[in-house]
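The next block holds one structure in the form of structure tokens; read it before the comments.
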Amino acid sequence: MSSFQFTLLGTDGAARRGEFHTPHGVVQTPAFMPVGTQGTVKAALHRDLRDAGAEIILGNTYHLFLRPGDELIARRGGLHQFISWNGPILTDSGGFQIFSLAERRVIREEGAEFQSHLDGSRHMLTPERAVDIQARLGSDIAMVLDECLSYPATRDEAAASMQRSARWARRCRERFSQLSAFAQATADRSASAEATADRGAGSEVQVSNPGQALFGIIQGGVYQDLRDESAAATTAVGFEGYAIGGLSVGEPVEVMYGVTGQTARGLPVDRPRYLMGAGTPEDLVECVARGIDMFDCVMPTRNARNGQLFTSEGRINIRNARYAEDDRPLDPACGCYTCRHHSRAYLRHLYLAGEMTAGALNTLHNLTFYLDTMRRIRDAIAFRTFDTFRQGFLRSASRLSLDS
Ligand SMILES: [Zn+2]
């Protein structure tokens, strides 16, 4: 049985301050989840993530399924134990990577057939299999398998894809219930000291985290009526939380904000709302203003490795010659290890020399900036000063991109 529980602590306009409980701890919302694709956030130690204020990280099912494999991870006691992160973990379903990374994919009603981008091996990911894999990984929050639409898509394409995603969501929920019931029955049996193992449905899956929750995903592209239909179908199935998928895929930012706000308004107040794959620091602030509680994005980590840094004074491209003899910290307002110990001049040197510490130091700073921003957002909502915070944040954001 899922032990997931979301509590709405307060609101300021449409912005929400809350927290959710998982088997591995509590997460304050609005929350940003650093992306740990292969069971690690690139160039960051778990210890440093904790220090930077990360309460939950994300793992990618597609990558972990292909390498080292979900069954191997289950035999190690699940993802938390395998990677030694004892805080909450969310796993995606693998759908997005099948659409963006895998080769020769064929989507049928049954599921998605694809070839691994690593070795060309053929695999079939069905909604049921996506649930099974995430049960073995034992994340605290699993996601349903959805069909990811490319942008732009016609209304007919978006409608067909959204309806298939809704059918897949039902299948995911049924499989999830089956595994939960089996895990519960097994726990009851061992509590009553009965030794015989049942061979019923779900017995072939080693469930690593019986308290796991399952989130549904709202699709429908940029068509609001389809988004509304998707929200109605998905909430009718019933999930512990709801994600908005298929945005931040190339549509204009105003469209993204518009669809996010409209869709969030139609979702249950007592469940967390997760905007998948967004975004820039401004996107986080703007989408919190529209009722979003959870975010994930590779931007802070990927940009860090490319020398693009977010600061309270603007975006910095550390390669730029203007930093060659700049002895100031990256961001005077930041308390991270990088900013407390190193100068822009040194960070530029490390980057140009191709040193691995450049990636590590830059990643630590960018993640700290994102997580600090979330902390400031939460405080502002709690004090009901979110709108003032938002105006100030966007003003400083508009001074950004000094170097681009
Ligand atoms: Zn810093």
Side-chain angles (χ1 to χ4, degrees), residues 27-28 30-36 40-58 85 87 278-285 288 295-380 389-390 392-404:
V27 175
Q28 301 301 319
F32 179 79
M33 303 182 282
V35 178
T40 177
V41 174
K42 286 189 197 302
L45 302 180
H46 295 343
R47 179 192 63 197
D48 296 336
L49 292 175
R50 281 275 186 215
D51 290 349
E55 292 185 321
I56 176 170
I57 60 173
L58 184 144
W85 169 268
T280 64
E282 301 89 282
D283 290 343
L284 304 189
V285 172
V288 165
F295 301 90
D296 79 284
C297 193
V298 295
M299 187 172 273
T301 42
R302 179 179 290 166
N303 285 22
R305 298 194 303 280
N306 294 328
Q308 289 159 3
L309 301 161
F310 298 96
T311 82
S312 59
E313 296 176 341
R315 260 167 236 194
I316 280 179
N317 193 332
I318 202 66
R319 274 171 298 189
N320 199 305
R322 75 164 72 183
Y323 303 118
E325 301 198 43
D326 189 337
D327 297 324
R328 290 173 296 168
L330 209 44
D331 185 350
C334 178
C336 82
Y337 177 90
T338 307
C339 292
R340 279 187 287 115
H341 291 90
H342 299 303
S343 65
R344 295 175 181 184
Y346 180 56
L347 293 171
R348 176 174 187 270
H349 159 69
L350 291 179
Y351 182 83
L352 293 181
E355 284 294 329
M356 279 189 275
T357 42
L361 292 167
N362 291 347
T363 296
L364 182 57
H365 168 76
N366 269 2
L367 281 176
T368 301
F369 182 81
Y370 265 63
L371 293 162
D372 272 350
T373 299
M374 299 315 291
R375 195 167 14 235
R376 293 165 67 206
I377 286 173
R378 290 194 295 270
D379 288 347
F389 167 81
R390 179 184 173 190
F393 192 88
L394 297 179
R395 255 197 312 278
S396 65
S398 65
R399 287 191 272 118
L400 301 188
S401 313
L402 305 162
D403 298 331
S404 55

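In each ligand, atom 1 is the first atom listed, and ligand 1 is the first ligand listed.
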- Task: Under 2.8 Å from the Zn ion (ligand 1), how many protein N/O/S atoms do you get? Just the number, please.
- Result: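 Every protein N, O or S atom under 2.8 Å from the Zn ion (ligand 1) counted, the figure is 4.
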How long is the gap from [atom1] on [X] to [atom2] on [Y], to the nearest 0.5 Å?
X    : Y    : atom1 : atom2 : value
I318 : L309 : CD1   : CG    : 6.0 Å
W85  : R50  : CH2   : CZ    : 4.0 Å
E325 : S343 : CD    : OG    : 10.5 Å
Y337 : H365 : OH    : NE2   : 15.5 Å

- Considering residues, nucleotides and ligands other than R340, do more than 12 of their heavy atoms fall under 6.0 Å from its CZ?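 More than 12 within 6.0 Å, yes.
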- Between R315 and E282, does at least one N-O distance fall below 4.0 Å, as a salt bridge requires?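 Result for this pair is yes, salt bridge flagged.
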